[in-house]
Amino acid sequence: MSQAKEPGYKELAIGGKILEAGNSEQYETGGWRTFRPVHDAEKCIHCLLCWILCPDGAIIVKDGKWAGFDLKHCKGCGICAEECPPKVKAITMIKEEK
Ligand code: SF4
Ligand code: SF4
């Protein structure tokens, strides 16, 4: 049985290029998510550790306070939930389909 020939590296599109400043915003990494963060406003002390540590800049802050998740870019890594102070634990991760 014969298999279709895979393209060689010279035929592949060149990837990993930054074509303009800030173009990472165009990549909607939210599509990678299998878990998503849920915030408990009653527990949150607005320390903003989650904002500092989120690798995708997906924590929205308004007037110096936690204001939401940017779910277009949140990839569901869970760092915010892990790093929210242990005595607070205002963020939990739930399965995306819930
Ligand atoms: S780390 Fe936790 S307590 Fe701090 S702002 Fe984020 S959700 Fe609120
Ligand atoms: S789950 Fe990850 S990407 Fe999403 S808001 Fe938390 S730290 Fe950011």
Side-chain angles (χ1 to χ4, degrees):
M1 195 192 318
S2 69
Q3 282 187 315
K5 192 173 176 270
E6 295 292 331
Y9 77 92
K10 287 182 181 170
E11 289 105 70
L12 294 175
I14 296 172
K17 276 193 169 178
I18 297 170
L19 301 173
E20 57 188 277
N23 72 341
S24 64
E25 212 175 350
Q26 294 164 19
Y27 293 103
E28 295 192 4
T29 43
W32 302 357
R33 220 171 36 243
T34 52
F35 284 82
R36 77 182 141 91
V38 175
H39 181 255
D40 184 335
E42 292 194 359
K43 289 183 180 171
C44 180
I45 57 171
H46 303 282
C47 66
L48 302 184
L49 267 178
C50 54
W51 173 71
I52 293 166
L53 296 170
C54 172
D56 289 292
I59 305 286
I60 301 164
V61 173
K62 276 196 188 133
D63 300 326
K65 292 190 167 185
W66 186 100
F69 296 111
D70 167 6
L71 292 176
K72 253 189 196 174
H73 295 99
C74 164
K75 64 183 174 218
C77 65
I79 290 174
C80 54
E82 189 64 29
E83 297 300 333
C84 183
K87 287 187 178 163
V88 180
K89 285 293 168 210
I91 300 176
T92 48
M93 301 300 291
I94 63 163
K95 281 226 170 190
E96 182 63 23
E97 65 264 23
K98 284 190 183 165

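What you see is a predicted model, and the numbers here were worked out from it, not measured in a lab.
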Side-chain contact test, heavy atoms from C-beta onward, threshold under 4.5 Å: evaluate it for [X] versus [Y] and give yes or no.
X: C74; Y: R36; result: no
X: F69; Y: I91; result: yes
X: R33; Y: L71; result: yes
X: K75; Y: P55; result: yes
X: K95; Y: F35; result: yes

If you count every heavy atom of other residues, nucleotides or ligands that lies below 6.0 Å from [X] atom [atom1], does the total exceed 12?
X: E82; atom1: CD; result: no
X: E11; atom1: CD; result: yes
X: E97; atom1: CD; result: yes
X: Q26; atom1: CD; result: yes

Shortest non-hydrogen separation from [X] to [Y] and the atoms involved:
X: A58; Y: C54; value: N-SG, 3.2 Å
X: G76; Y: M93; value: O-CE, 3.6 Å
X: D70; Y: I60; value: N-CD1, 3.8 Å
X: Y27; Y: H73; value: O-CD2, 3.3 Å

Main-chain N/O of L48 paired to K65 side chain as donor or acceptor, under 3.5 Å
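No; zero donor-acceptor contacts below 3.5 Å.
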Please report the interatomic distance [atom1]([X]) to [atom2]([Y]), rounded to the nearest 0.5 Å.
X: I59; Y: L53; atom1: CD1; atom2: CG; value: 9.5 Å
X: T29; Y: K72; atom1: OG1; atom2: NZ; value: 11.0 Å
X: C84; Y: K43; atom1: SG; atom2: NZ; value: 9.0 Å

